[in-house]
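Each remark here refers to the structure printed beneath this line.
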Amino acid sequence: MALDDLKAALPAYAKDLKLNLGSVIGNSQLPKQQLWGTVLACAIASRSGIALRALEPEAKENLSPEAYEAAKSAAAVMAMNNVFYRTRHLLSDPEYGNLRAGLRMNVLGNPGVDKADFELWSFAVSALNACGQCLDSHEQVLRKAGVDRETVQEAFKIAAVVQAVGTTLEAEAQLAD
């Protein structure tokens, strides 16, 4: 299922999502690698098989093999980090913040692509997973790397729309069963 098919699959009540999907992906000003890496990482993080199956082929077509793997790596490592850091942040006992994480995150140091792209994908997944500490951390790295606020906002717009589309289509699939 291509982007147009994904839009066509949305029910009439989700017209805004159809329009937003077309604008955040179809009319994005992001460079191809940033755009499709963000889309792929968010489709994975959305946990929607429908969205992932629809968006993955076009992402794979638009990304180098290294970028394709890096986007999947961003989704994977942030699935872990977002739970860990969000939980540590939400606990009322601040001493957890002083404990060593003890989790492997080697991909953060060597993602195989431009670090700013990987940070953008990690930021977008963190938006989807609602980890404020990770959002702040990745946003600061992006801004220090010269990435403007408009680009950062594009990433979380993509995250929002991909999540909403996936949720809507998964709900419709369940209702049809």
Side-chain angles (χ1 to χ4, degrees), residues 24-25 28 30-56 58-60 62-167 170:
V24 302
I25 296 176
S28 177
L30 293 177
K32 191 185 322 185
Q33 180 164 297
Q34 286 183 349
L35 170 65
W36 286 104
T38 303
V39 169
L40 179 58
C42 289
I44 292 168
S46 76
R47 297 175 187 86
S48 167
I50 295 169
L52 181 57
R53 284 188 301 276
L55 295 169
E56 184 273 341
E58 199 163 350
K60 192 170 192 175
N62 283 287
L63 293 168
S64 68
E66 297 81 13
Y68 177 80
E69 288 300 312
K72 293 193 310 181
S73 293
V77 76
M78 296 319 295
M80 174 184 68
N81 284 357
N82 292 155
V83 170
F84 179 81
Y85 287 105
R86 182 178 63 238
T87 301
R88 202 157 77 168
H89 175 75
L90 290 172
L91 287 168
S92 60
D93 183 350
E95 289 303 312
Y96 286 99
N98 296 325
L99 298 176
R100 183 177 170 278
L103 298 171
R104 299 252 182 217
M105 303 174 223
N106 295 331
V107 72
L108 298 177
N110 186 17
V113 294
D114 181 83
K115 286 194 183 216
D117 290 351
F118 191 82
E119 287 289 334
L120 189 69
W121 305 336
S122 297
F123 173 86
V125 172
S126 296
L128 204 147
N129 290 329
C131 180
Q133 188 172 359
C134 292
L135 282 168
D136 284 341
S137 175
H138 293 290
E139 191 268 348
Q140 289 171 12
V141 172
L142 287 164
R143 299 290 292 135
K144 285 179 185 167
V147 176
D148 59 34
R149 284 181 178 86
E150 290 77 14
T151 298
V152 173
Q153 182 169 291
E154 280 296 309
F156 64 87
K157 284 170 51 177
I158 291 168
V161 172
V162 168
Q163 173 71 17
V165 167
T167 298
E170 292 294 336

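Every heavy atom of this structure was used, including side-chain atoms; hydrogens, water molecules and symmetry mates were not. Owing to the predicted nature of the structure, the values given are computational and were not obtained by experimental measurement.
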(message) Under the salt bridge (charged side-chain N to carboxylate O under 4.0 Å, His left out) definition, can you give me all pairs with a residue in residues 102-122, not counting sequence neighbours?
(response) none
(message) Within this structure, what is the CD-NZ distance for the pair Glu56 and Lys60, rounded to the nearest 0.5 Å?
(response) 5.5 Å
(message) The criterion is side-chain contact (heavy atoms from CB on, under 4.5 Å); which residues satisfy it with Ala67, sequence neighbours excluded?
(response) Gln33, Leu63, Ser64, Val113, Trp121
(request) Give the minimum heavy-atom separation between Leu142 and Leu120, together with the two atoms involved. (result) CD2-N, 3.7 Å
(request) Mind running side chain to side chain contact (heavy atoms under 4.5 Å, CB included) on Val39 and Asn62 for me, showing each step along the way? (result) CA-CA 11 Å; Val39 169; Asn62 283 287; over 6 Å; no
(request) Could you go through the side chain to side chain contact (heavy atoms under 4.5 Å, CB included) check for Met80 and Met105 one step at a time? (result) CA-CA 9 Å; Met80 174 184 68; Met105 303 174 223; 4.0 Å; yes
(message) If you compare all heavy atoms of Cys131 against all heavy atoms of Asn82, which two are closest, and at what distance to 0.1 Å?
(response) CB-ND2, 3.6 Å
(request) Could you tell me whether the side chain of Phe118 reaches within less than 4.5 Å of the side chain of Leu108, counting heavy atoms only? (result) yes
(request) Sorted by first residue and then second, give each salt bridge (charged side-chain N to carboxylate O under 4.0 Å, His left out) pair with at least one member in residues 133-146; sequence neighbours left out. (result) Glu139-Arg143
(request) Return each pair, listed once, that meets salt bridge (charged side-chain N to carboxylate O under 4.0 Å, His left out) where at least one residue sits in residues 64-89; pairs must be two or more places apart or across chains. (result) Glu69-Lys72
(request) Under the side chain to side chain contact (heavy atoms under 4.5 Å, CB included) rule, what do Val125 and Asn129 come out as? Steps first, then yes or no, please. (result) CA-CA 6 Å; Val125 172; Asn129 290 329; 3.4 Å; yes
(request) Taking Ser137 for its side chain and Gln133 for its backbone only, find out whether a donor-acceptor pair lies under 3.5 Å. (result) no
(request) Provide the full list of salt bridge (charged side-chain N to carboxylate O under 4.0 Å, His left out) pairs with a residue in residues 154-163, sequence neighbours left out, each pair given once. (result) Glu154-Lys157
(message) Ignoring hydrogens, what is the shortest heavy-atom contact between Leu35 and Ile25? Give both atom names and the distance.
(response) CD2-O, 3.7 Å
(message) Test your reading of the model: is there a side-chain donor-acceptor pair from Ser46 to the backbone of Ala43, 3.5 Å cut-off?
(response) yes
(message) Quick check: closest heavy atoms across Tyr85 and Cys134, and the distance to 0.1 Å?
(response) CB-SG, 3.9 Å
(message) Whether the side chain of Gln163 engages the backbone of Cys42 through a donor-acceptor N/O pair (distance < 3.5 Å, no angle test) should be reported.
(response) no
(message) Walk me through whether Leu40 and Leu55 qualify under side chain to side chain contact (heavy atoms under 4.5 Å, CB included).
(response) CA-CA 7 Å; Leu40 179 58; Leu55 295 169; over 6 Å; no
(message) Please find the pair of heavy atoms, one from Ala124 and one from Thr38, that lie closest to each other, and give the distance.
(response) CB-CG2, 3.7 Å
(request) Please name all residues satisfying side-chain contact (heavy atoms from CB on, under 4.5 Å) with Leu135, sequence neighbours left out, ordered by chain then number. (result) Phe123, Ser126, Ala127
(message) If I compare all heavy atoms of Leu128 with all of Ala45, which pair ends up nearest, and what's the gap?
(response) CD2-O, 3.5 Å
